[in-house]
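These notes concern the structure reproduced below.
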There are 2 protein chains.
Amino acid sequence: MPRPPTTQQFVLDELRRAILSRQLAPNQPIRQDSVAHELGVSRVPLREALKTLEAEGQVVYRPHRGYTVAELSLADLLEVYRLRELLETEAALVSATKAGEADSAAVRAELRAVVEAAANDDLVEMIAANRRFHFAILEPADMPWLMRMVRTLWDTTDAYRAVYYNAPDNRSRVLEEHEAIVRAFEARDGAELAELLRRHREHAVAALRATLDETANG
Amino acid sequence: MPRPPTTQQFVLDELRRAILSRQLAPNQPIRQDSVAHELGVSRVPLREALKTLEAEGQVVYRPHRGYTVAELSLADLLEVYRLRELLETEAALVSATKAGEADSAAVRAELRAVVEAAANDDLVEMIAANRRFHFAILEPADMPWLMRMVRTLWDTTDAYRAVYYNAPDNRSRVLEEHEAIVRAFEARDGAELAELLRRHREHAVAALRATLDETANG
DNA sequence: CAACTGTATATTGGATCCAACCTTACGCCG
DNA sequence: CGGCGTAAGGTTGGATCCAATATACAGTTG
């Protein structure tokens, strides 16, 4: 696997991983010197990467006090899912009216990737493929600004996705739902597609709530 | 007027101004050395400011080739306004159910600021106050993630706002519409509020189209 | 004993310097 | 004469160094 073209991109990827895996815990101050040392780079590219993470809401910045990993309250998470609903519903409706055969092929390819990853019990790849699958569905809408926003919304909840996929019940449910979603997509039935996606997310939110309540009471 | 606490914040403000005023024209490469020199700072804070602008979509970045001011096509602008519609409608509906007396007072204060600026023919302040007015309406919804997104959407179209307000017809129309909007807000009539805001934006889009067609044919 | 102040230290903010890369112009070869 | 390889210059990417600010702690005073 080739290292990204620029160091800041490499650092950005690493930081995303670290935040996602809770290696950098919420509310924890990010000591630039130690993190930079750890990654074998200087502080400059690190700071640039932190700036983009700040814009995405992954970290919070306070002048002269540095960066801390953003803490997401339940209210934050619910809001993020609500926004995903607004934006992805719009994208799905538009996409259904514009998608062509090539788009269907792309979606099907990602669907297969998810199934295959599930068969191999490869959680990481399954999560990645799932993301590509959902984005492939929205892509034909040809709304780059919307896509950028949806992307950052997915990023902010990425840390919780692994928990969700850890349960076999959820995994199989996702696979079933994907089938129905693809059928709606290929039928160019925007309303049905949007509704299926909505229910798809609804399950994720319910699971999320359960997880958070559990950790709160445990 | 005190200079911002950090240099990067200062640079960020200056860059926003420069892009807005077309001092930095779309598609123009941003020579870091000259811009930094111009502002009397080094390249480091400039690059950090550019990173946040990149995340907001105001500039485009290509590794080893630097930053260029983002060019907004008509399709981009229409998409941005469509997204504003989705997000601001949601915020307005929620806001109407949550707003209290203090919120009404805040909105009224901003309304007065807009009127006053208009009376003084102070375009810059009128635009600023108008923005505060609209945000004051959405604020009670208490949706920080949504607000962040709406903020960047406003930023991307800021350059065109000055053109719109330049026409006296548009200015007086805005003032009238604001009155109706405030009444709906104080009546906590979310549906009416959202509809009025929608029509409010619709005029702006129409004017925008006209302007762009004109420049395209001129 | 609490609160305040001054100082020392750790950490971030910014400037300068060097390396890597892209771009362009020129000369060579087909 | 046109296309390609190559070298030189310019611009960005990254590292190191220094300055400014915040934090923690100790000493002092009411």
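The figures that follow rest on heavy atoms only: side chains count, while hydrogens, waters and symmetry mates do not. In what follows, chains carry the letters A, B, and so on, assigned in the order in which the sequence lines appear, proteins first and then strands, with residues in each chain numbered from 1.
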Whole-Å gap separating C1' (dT11(D)) and CG (L46(B)): 13 Å
Sugar-phosphate, base or nothing in reach of I30(B), heavy atoms under 4.0 Å: sugar-phosphate
Partner of Y67(A) by side-chain hydrogen bond (donor to acceptor under 3.5 Å, both in side chains), out of K51(A), Q32(A), R47(A), E54(A): K51(A)
Side-chain donor-acceptor contact under 3.5 Å, D155(A) with T152(A): no
E56(B)/R148(A) salt bridge by N-O under 4.0 Å criterion: no
Interatomic distance where CD belongs to Q8(B) and C1' belongs to dA20(D) [whole Å]: 14 Å
Touch class at under 4.0 angstrom, heavy-atom based, for E48(B) against every strand present: nothing
Touch class at under 4.0 angstrom, heavy-atom based, for Y67(A) against every strand present: nothing
Cationic N near anionic O, under 4.0 Å, E79(A) to R82(A): no
Sugar-phosphate only, base, or nothing, as touched by R47(B) at under 4.0 Å among non-hydrogen atoms: base
Which residue lies more 5' along DNA chain D, comparing P63(A) with Q9(A) via nearest heavy atoms: Q9(A)
Sugar-phosphate only, base, or nothing, as touched by R43(B) at under 4.0 Å among non-hydrogen atoms: base
Whole-Å gap separating P (dT12(D)) and NE2 (H37(B)): 15 Å
Start and end of chain B contact along DNA chain C [non-hydrogen atoms, under 4.0 Å]: dG14(C) to dT23(C)
Side-chain H-bond candidate by donor/acceptor type, T157(B) with R161(B), under 3.5 Å: yes
Closest to side chain of D33(B), choosing from dT21(D), dG13(D), dT12(D): dT12(D)
Toward the 5' end of DNA chain D, by each residue's nearest nucleotide, Q32(B) or R65(A): Q32(B)
Rounded distance (Å) that lies between atom P of dT11(D) and atom CZ of R62(B): 17 Å
V107(A) side chain near F133(A) side chain, heavy-atom distance below 4.5 Å: yes
Rounded distance in Å - OH (Y61(A)) to C1' (dA22(D)): 12 Å
H37(B) NE2: over 12 foreign heavy atoms closer than 6.0 Å: no
